[in-house]
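Computed from a predicted model, the values in this text were never measured in an experiment.
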Amino acid sequence: MRHLEQSLYDLSTYIEYADQSNNSVSSVNVGWHIEHALLVIIKIIATVCKSDANQYKWKFNFSRTIAFTLYRFPRGIGKAPDIVKPSQKDKTDFQALFSEARLSVEALKKVAHHQFFLHPIFGNLNRKNTFTMLDIHTKHHIAIIKDIIASKN
């Protein structure tokens with residue numbers, strides 16, 4: 001739980017770099033990565049909050065085991081679903097998104113242990129595993145952001 005909260009804080013420190021980009025690192029700019037990470041947190045937690053804990057079924061998942069053990073995701077493998085792709089039509093209100101994400105994290109703390117999210121690669125993620133996945137995902141995008149920024153200095 002605290003790891004995700006720290007990652008959210010860390011992510012917020014990159015807002016000033018939102019317009020920076022480097023196509024050799026990523027085809028999208030820093031702002032896209034920030035907004036995407038926040039949308040993932042908000043949308044996944046909303047799904048967990050609506051889930052029925054009685055429907056949760058644990059099943060071994062090799063990909064989840066590897067990612068959670070290494071505490072990282074490989075780059076360039078996953079594709080963001082449309083629901084968590086930033087629109088980038090208007091200037092993003094990052095402060096509003098960060099506020100919503102923080103409220104979502106607080107809501108996730110209060111759900112039943114077996115409320116869950118069905119991840120397309122990792123299968124059913126209960127509350128604890130959802131926190132872990134969201135933290136790894138956020139750190140994944142922070143690493144990309146750092147590489148974009150470092151390439152400009």
So, do [X] and [Y] sit near enough that their side-chain heavy atoms are less than 4.5 Å apart?
X	Y	answer
Phe131	Leu108	yes
Glu5	Arg102	no
Val40	His141	no
Leu97	Leu39	yes
His33	Val28	yes
Asp10	Lys139	no
Leu38	Leu8	yes
Phe73	Ile121	no

Might you work through the side-chain contact (heavy atoms from CB on, under 4.5 Å) test for Phe68 and Leu125, ending with a clear yes or no?
CA-CA 12 Å; Phe68 283 28; Leu125 301 177; 4.2 Å; yes

Would you say [X]'s side chain and [Y]'s backbone share a donor-acceptor pair under 3.5 angstrom?
X	Y	answer
Arg64	Gly123	no
His140	Arg75	no
Ser51	Phe116	yes
Thr65	Asn61	yes

For the hydrophobic clusters of this structure (ILVMFWY residues joined by side-chain heavy atoms under 4.5 Å, transitively), does one cluster hold both Ile77 and Val25?
no

Hydrophobic cluster membership, with links at side-chain heavy-atom distances under 4.5 Å among I/L/V/M/F/W/Y: are Ile15 and Ile42 in one?
yes

Does the pair Tyr71 and Thr132 meet the rule for a side-chain contact (heavy atoms from CB on, under 4.5 Å), with working shown?
CA-CA 8 Å; Tyr71 217 81; Thr132 301; 3.8 Å; yes

Give every residue pair that meets the ring pair (Phe, Tyr, Trp, His ring centres under 6.0 Å) criterion with at least one member in residues 94-114, sequence neighbours excluded.
Tyr56-His114

For the student: nearest non-hydrogen atoms of [X] and [Y], plus distance:
X	Y	value
Ile44	Met133	CD1-CE, 3.4 Å
Ala37	Leu11	CB-CD2, 3.8 Å
Val111	Cys49	CG1-SG, 3.7 Å
Ile149	Gln20	CA-OE1, 3.6 Å
His36	Pro86	N-CG, 3.6 Å

Hey, could you give me the [atom1]/[atom2] distance between [X] and [Y], rounded to the nearest 0.5 Å?
X	Y	atom1	atom2	result
Ile144	Tyr14	CD1	OH	12.5 Å
Ile34	Thr138	CD1	OG1	11.5 Å
Trp32	Ser27	CH2	OG	7.5 Å
Ile148	Tyr17	CD1	OH	13.0 Å
Thr92	Glu35	OG1	CD	3.5 Å

For the pair Ile142 and Lys146, evaluate side-chain contact (heavy atoms from CB on, under 4.5 Å) and give the outcome as yes or no after the intermediate values.
CA-CA 6 Å; Ile142 290 171; Lys146 286 179 178 179; 3.8 Å; yes

side-chain contact (heavy atoms from CB on, under 4.5 Å) for Leu134 and Ile45? Distances and angles first, verdict last.
CA-CA 9 Å; Leu134 291 173; Ile45 292 175; 3.8 Å; yes

Neighbour count >12 (heavy atoms, 6.0 Å) for atom [atom1], [X]:
X	atom1	answer
Leu70	CG	yes
Phe60	CZ	yes
Tyr9	OH	no

